[in-house]
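These values consider heavy atoms only, across backbone and side chains, with no hydrogens, waters or symmetry-generated copies. Chain A is the first sequence line, chain B the second, and so forth, proteins listed ahead of strands; every chain is numbered from 1.
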Amino acid sequence: MPELPEVETVRQTLKANILGKTIRDVDVFYEKMIHGTDVQSFVSHLKGQRLLDIKRYGKYLVFLFDEVAMVSHLRMEGRYFLKHLDLVRDKHEHVIFYFTDDSTLRYQDTRKFGTMELCDKDDYMSMKGLKKLGQEPIAEEIDYDLVYQKVKNRKQAIKTVLLDQTVLAGLGNIYVDETLFLSGLRPEKKASTLRKQDVKMLVRNSKIVLEKAIKLGGSSIRTYTSSLGVTGRFQNELYVHTRQGEPCKVCETKILKTKVGGRGTYYCPTCQTFKLS
DNA sequence: GTGACCACCTGGCCGC
DNA sequence: TGCGGCCAGGTGGTCA
């Protein structure tokens with residue numbers, strides 16, 4: 001599923017291929033995907049708009065046009081494909097953007113969880129979701145104290161807290177499992193028991209994991225591929241996620257699977273024994 | 001303010 | 001082979 005590295009890969013790929021194109025028309029085949037306005041208004045506002053830039057905040061993509069911005073979230077299995085006008089529509093393609101050069105950008109989403117919403121191009125950061133995002137671990141400068149302040153009173157498992165996008169933006173199930181492995185921490189450990197230096201270590205390790213994943217084009221677990229069908233290679237680098245029953249790459253102990261906060265969680269019982277209190 | 005729970009949705013897998 | 005049930009999971013909403 002798309003997390004920060006996958007969304008960043010999509011952004012870079014799309015930017016290289018569709019920047020400067022002008023939308024001639026839009027077809028929406030699943031109306032619930034469009035938030036904040038009705039489909040008719042969504043389409044009419046996008047017609048004639050030229051794409052100027054594509055930005056990313058956490059797992060959100062922001063398409064910047066002449067007069068409007070479109071905020072898109074891929075959720076579980078959303079993907080963008082650039083295809084020629086003549087190609088037959090796949091049954092899971094729910095939104096098609098037709099460009100004036102006869103190419104099309106198609107949004108495909110098997111589970112229909114993804115969302116798109118239009119907003120003012122100068123005020124998209126006030127959108128619900130975007131405005132509450134925490135810092136990104138891959139940012140050049142991190143206010144570690146601010147992250148610690150958000151973590152220190154939380155009684156939930158550290159895994160649950162790391163998945164909270166208002167604490168750190170961009171981490172999802174895969175990369176939280178990998179970050180916790182790298183940090184030697186059990187996923188179910190209470191967040192409030194961590195010291196400031198432990199939180200700093202977690203943020204730094206999440207940065208290492210995310211930057212490596214971006215370099216390799218993200219992960220291609222289950223059905224996920226980036227735009228234009230580009231397949232990531234980070235899944236070959238995973239230490240614990242989806243490796244239940246397989247030997248740990250460090251100590252050869254069998255990787256275990258459990259549930260934390262309702263999420264499937266993988267960990268090494270030998271390497272992840274770091275207890276602080 | 002915090003935490004738990006639920007809805008959204010469909011393909012894949014498993015057991016019968 | 002076909003069917004039913006469960007699981008996967010990011011986010012927002014609701015409720016306690």
Side-chain angles (χ1 to χ4, degrees), chain A residues 1-8 10 28-37 56-62 71-80 90-95 107-117 119 124 126-134 136-137 146-180 187-194 206 210 213 218-226 235 238 240-245 255 257-266:
Chain A
M1 64 298 301
E3 299 182 27
L4 190 153
E6 289 77 28
V7 180
E8 178 59 22
V10 170
V28 177
F29 299 95
Y30 184 68
E31 297 193 0
K32 285 187 185 176
M33 204 155 269
I34 309 303
H35 287 207
T37 182
R56 181 194 55 73
Y57 298 93
K59 302 174 197 171
Y60 290 88
L61 280 173
V62 180
V71 179
S72 169
H73 198 298
L74 307 177
R75 296 291 177 100
M76 308 301 300
E77 294 184 357
R79 290 179 280 179
Y80 281 102
D90 179 273
K91 69 173 181 174
H92 297 303
E93 289 172 1
H94 305 301
V95 182
Y107 179 74
Q108 187 187 86
D109 192 340
T110 311
R111 294 191 200 176
K112 299 179 176 176
F113 273 18
T115 59
M116 292 178 194
E117 187 167 355
C119 60
Y124 57 84
S126 67
M127 294 281 285
K128 190 167 48 187
L130 277 180
K131 68 179 175 186
K132 291 196 294 182
L133 284 178
E136 292 192 3
L146 183 62
V147 181
Y148 177 64
Q149 294 305 319
K150 291 184 176 183
V151 168
K152 68 175 187 180
N153 293 323
R154 298 283 293 264
K155 292 168 186 164
Q156 293 167 300
I158 183 60
K159 163 147 187 176
T160 304
V161 174
L162 288 177
L163 284 170
D164 184 343
Q165 301 300 297
T166 68
V167 176
L168 281 175
L171 288 173
N173 207 30
I174 301 171
Y175 299 114
V176 166
D177 279 358
E178 294 301 307
T179 296
L180 289 169
E188 65 269 37
K189 184 171 183 56
K190 264 192 182 180
S192 58
T193 64
L194 295 178
S206 65
L210 291 174
S219 307
S220 298
I221 292 177
R222 291 170 64 91
T223 60
Y224 180 74
T225 57
S226 76
Q235 71 277 9
L238 295 172
V240 287
H241 196 80
T242 69
R243 296 193 63 244
Q244 180 185 16
I255 300 299
K257 184 184 181 185
T258 183
K259 275 207 169 191
V260 177
R263 305 290 182 223
T265 299
Y266 301 84

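Comparing dT10(B), dG10(C), dG3(B) by their closest approach to the side chain of Q156(A) singles out dG3(B). Of the listed nucleotides (dA8(C), dG10(C), dG11(B)), dG11(B) has the atom at the smallest distance from the side chain of T110(A).
Distance K159(A) NZ to dA4(B) C1': 17 Å, rounded to the nearest Å. The distance between atom NZ of K259(A) and atom P of dC6(C), rounded to the nearest whole Å, is 12 Å. For the pair K59(A) NZ and dG12(C) P, the interatomic distance rounds to 10 Å; values are reported in whole Å. Atom CG in D109(A) sits about 13 Å away from atom C1' in dG11(B), given to the nearest Å. Residue M127(A) contributes atom CE, which lies 13 Å from atom C1' of dG12(C) at whole-angstrom precision. As rounded to whole Å, 21 Å separates atom P of dG10(C) from atom NZ of K32(A).
Using five terminal pairs a side, the axes of the helix from dT2(B)-dA16(C) to dC16(B)-dG2(C) at its two ends make an angle of 50°, given in steps of 10 degrees.
Evaluation of F113(A) against the base of dT11(C) yields no stacking contact (centre distance < 5.5 Å, interplanar angle < 30° required).
Side-chain N/O atoms of R111(A) include none lying less than 4.0 angstrom from OP1 or OP2 on dG9(C). Dashed line: the shortest gap from a side-chain N or O of H92(A) to OP1 or OP2 of dG11(B) is under 4.0 Å. OP1 or OP2 of dT11(C) has at least one side-chain nitrogen or oxygen of H73(A) nearer than 4.0 Å. Between K128(A) and the phosphate of dG13(C), there is a side-chain N or O to OP1/OP2 separation shorter than 4.0 Å.
Every residue two or more places apart in sequence or in another chain that forms a ring-ring contact (aromatic ring centres under 6.0 Å, His included) with Y60(A) is listed here: H73(A).
Residue pairs that meet the salt bridge (charged side-chain N to carboxylate O under 4.0 Å, His left out) test with at least one member in residues 159-170 of chain A, sequence neighbours left out, are R154(A)-D164(A), K159(A)-D177(A).
At a threshold of 4.0 angstrom between heavy atoms, the contacts of K91(A) are confined to the sugar-phosphate backbone, with no base atom among them. K190(A) comes within 4.0 angstrom of no nucleic acid atom, judged by non-hydrogen atoms across all strands.
Between T160(A) and R263(A), the residue whose closest nucleotide on DNA chain B is further toward the 5' end is T160(A).
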_Worked check of side-chain hydrogen bond (donor to acceptor under 3.5 Å, both in side chains) between Y107(A) and S72(A)_ = CA-CA 10 Å; Y107(A) 179 74; S72(A) 169; 5.7 Å; no
